[in-house]
Amino acid sequence: MESLQQLERYQAVIAQVREEIGKVMVGQREVIEQMLWAVFGGGHALLEGVPGLGKTLLVRTLSEAFELSFQRIQFTPDLMPADITGTNILQTDEEGRQQFRFQQGPVFANVVLADEINRATPKTQSALLEAMQEHTVTAGGVTRKLPEPFFVLATQNPLEQEGTYPLPEAQLDRFMLKIDVPFPTESELREIVQRTTVRREHRVDKVADGGIIQEIQNAAQEILFADPVLNYAVRLLLATHPSPEAIDPVRQYVRAGAGPRGVQAMIAAAKVRAMIDGRLNISYEDVEAAAVPALRHRIFLNFEGEANGIRTDGIIRELLAAGAKAK
């Protein structure tokens with residue numbers, strides 16, 4: 001990053017995006033913040049929460065604040081991979097000649113909302129998750145690049161499991177962050193009712209285009225980190241693995257710890273957090289703030305952990321408490 005003035009400009013853009021979302025969304029500040037970490041960190045996010053919390057509205061509002069193409073895909077059991085990626089169709093021209101032409105699917109957009117991703121079959125989920133990883137789609141032997149910037153914001157309902165296809169562990173790893181959407185507080189519920197039961201239009205202004213988003217993503221990568229902070233993030237990741245040296249909850253309840261993408265996600269999110277805070281280097285606190293959304297879907301419980309209803313969030317918080325002593 002060339003100057004502090006640039007940093008202030010990026011801060012102002014992110015603040016404007018947050019303000020536009022606030023015109024529509026009630027509360028959910030932490031959710032909005034973490035979603036911005038994923039977007040400007042160049043990753044994808046999985047939003048999990050019960051129906052009615054505004055997950056779809058949140059993603060739609062975010063997309064409205066950007067001058068970017070947007071597509072919403074409602075995942076259902078009968079959705080086929082080609083319904084997402086596109087397919088070759090046979091067309092006849094004016095002279096009667098027939099030829100195949102590729103018809104793009106909805107994944108060819110800058111912002112893709114994958115609504116209820118766990119309702120589609122694994123084959124269809126894989127088509128989207130491959131596009132997320134490679135930023136390309138291959139059909140008929142031809143590979144096509146997706147537009148940039150490109151990010152997927154997916155939602156899933158944790159309560160309704162009947163007829164769903166939970167994402168495999170390896171595919172969960174494709175999401176930079178998993179964001180839990182909490183139930184609103186009493187005052188927020190009152191505000192939601194006041195906003196939604198009277199006729200009122202909330203116009204969301206477009207405040208950021210693809211160019212500035214990519215500028216911010218590139219600038220975030222230039223945010224610095226000191227070796228002790230990086231070592232702390234790495235130690236934290238390694239501590240999620242069950243071993244004789246691990247803390248009690250990890251030894252007792254964890255089957256497998258987070259992979260290398262976990263520490264990459266932590267550092268990427270920490271960089272955006274530092275940038276939003278107007279700093280050119282990340283702190284221990286940035287890593288700690290990013291740890292839960294970056295690791296919660298990358299730690300897998302054993303049978304005892306599942307049977308006892310253990311949550312990975314609690315294990316990560318215990319690791320943070322233990323890790324802080326070793327800074």
Side-chain angles (χ1 to χ4, degrees), residues 35 38-39 41-48 55-56 58-157 163-178 206 208-211 213-214 217-218 261 297:
M35 203 162 71
V39 168
H44 312 284
L46 178 64
L47 282 80
E48 188 171 273
K55 298 185 294 297
T56 304
L58 174 58
V59 177
R60 185 182 291 280
T61 306
L62 178 76
S63 71
E64 286 174 2
F66 296 145
E67 290 187 65
L68 300 174
S69 55
F70 168 73
Q71 288 283 359
R72 174 177 181 266
I73 307 171
Q74 178 65 54
F75 278 63
T76 54
D78 59 351
L79 193 73
M80 300 298 289
D83 296 331
I84 294 175
T85 59
T87 188
N88 287 312
I89 57 173
L90 188 62
Q91 284 195 326
T92 305
D93 63 20
E94 294 173 351
E95 297 173 357
R97 290 175 302 194
Q98 291 188 323
Q99 59 182 356
F100 283 100
R101 187 179 68 82
F102 181 70
Q103 185 170 50
Q104 293 183 349
V107 76
F108 283 84
N110 297 113
V111 186
V112 175
L113 164 58
D115 214 357
E116 297 191 272
I117 191 171
N118 54 337
R119 292 214 163 273
T121 61
K123 193 173 180 181
T124 304
Q125 292 172 355
S126 294
L128 177 68
L129 293 163
E130 187 178 341
M132 286 165 53
Q133 178 69 22
E134 308 297 334
H135 286 215
T136 60
V137 164
T138 301
V142 179
T143 300
R144 296 174 174 83
K145 282 187 70 65
L146 295 171
E148 296 289 349
F150 170 71
F151 44 88
V152 172
L153 301 164
T155 70
Q156 66 176 11
N157 172 3
T164 64
Y165 302 88
L167 292 174
E169 296 164 3
Q171 295 189 345
L172 279 171
D173 202 31
R174 310 281 178 92
F175 289 96
M176 176 178 159
L177 302 179
K178 181 181 175 187
K206 295 191 182 302
D209 60 17
I213 291 169
Q214 285 184 299
Q217 288 176 339
N218 293 336
R261 285 185 186 141
H297 56 303

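R97 and Q99 form no side-chain donor-acceptor contact under 3.5 Å, judged by distance and modelled atom types alone. For the residue pair Q171/S126, the side-chain donor-acceptor check at 3.5 Å is satisfied. A donor atom on one side chain and an acceptor atom on the other are not found under 3.5 Å apart for T143 and T136.
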For a side chain to side chain contact (heavy atoms under 4.5 Å, CB included) check, start with the C-alpha distance between I117 and F175, then their side-chain angles and the critical distance, and finish with the verdict.
CA-CA 12 Å; I117 191 171; F175 289 96; 4.2 Å; yes
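For the pair Q91 and Q98, the minimum side-chain heavy-atom distance is 4.5 Å or more. Using a 4.5 Å heavy-atom threshold, the side chains of I73 and P106 count as touching. In this structure, F75 and Q156 have side chains that are not in contact, with every pair of non-hydrogen atoms separated by 4.5 Å or more. No side-chain heavy atom of L113 sits under 4.5 Å from any side-chain heavy atom of Q71. V137 places none of its side-chain heavy atoms less than 4.5 Å from the side chain of I84. Using a 4.5 Å heavy-atom threshold, the side chains of L58 and L47 count as touching.
Summarising the geometry, atom NZ belonging to K145 is positioned 8.5 Å from atom NE2 belonging to H135; distances are rounded to the nearest 0.5 Å. Atoms CG and OG1, from L128 and T85 in turn, are 10.0 Å apart once rounded to the nearest 0.5 Å. Annotation: the span from K123 atom NZ to L79 atom CG amounts to 12.5 Å, rounded to 0.5 Å. For the atom pair T124 OG1 and Y165 OH, the distance stands at 9.0 Å (nearest 0.5 Å). To the nearest 0.5 Å, the span separating CD1 on I213 from CD on E148 amounts to 11.5 Å. Distance CZ/F100 to CD1/I89: 10.0 Å, rounded to 0.5 Å.
Side chain of R174 to main chain of L129: a donor-acceptor pair is present (N/O by atom type, distance under 3.5 Å, no hydrogens or angles). Under a 3.5 Å cut-off, the side chain of N110 and the backbone N or O of P149 do form a donor-acceptor pair. Checked by atom type and distance alone, the side chain of Q125 never pairs as donor or acceptor with a backbone atom of R119 at under 3.5 Å.
Between L153 and the choices V112, D115, L62, the side chain to side chain contact (heavy atoms under 4.5 Å, CB included) rule is met once, by L62.
Nearest heavy atoms, S63 versus K206: O-NZ, 4.4 Å. Closest approach of L68 to D209, counting heavy atoms only: CD2-C, 4.3 Å. Smallest separation of non-hydrogen atoms from P81 and A127: CB-CB, 3.8 Å. Scanning both residues, A131 and F150, for their nearest heavy atoms gives O-CE2, 3.9 Å.
The cationic group of R60 does not satisfy the cation-pi geometry with F70, failing either the under 6.0 Å distance to the six-membered ring centre or the 45° limit from the ring axis.
The existence of a salt bridge linking K178 and E48 is confirmed by a sub-4.0 Å separation between a basic side-chain nitrogen and an acidic carboxylate oxygen.
Residues satisfying the ring-ring contact (aromatic ring centres under 6.0 Å, His included) test with F66, not counting sequence neighbours, are none.
In this structure, H44 has its ring center at least 6.0 angstrom away from the ring center of F151.
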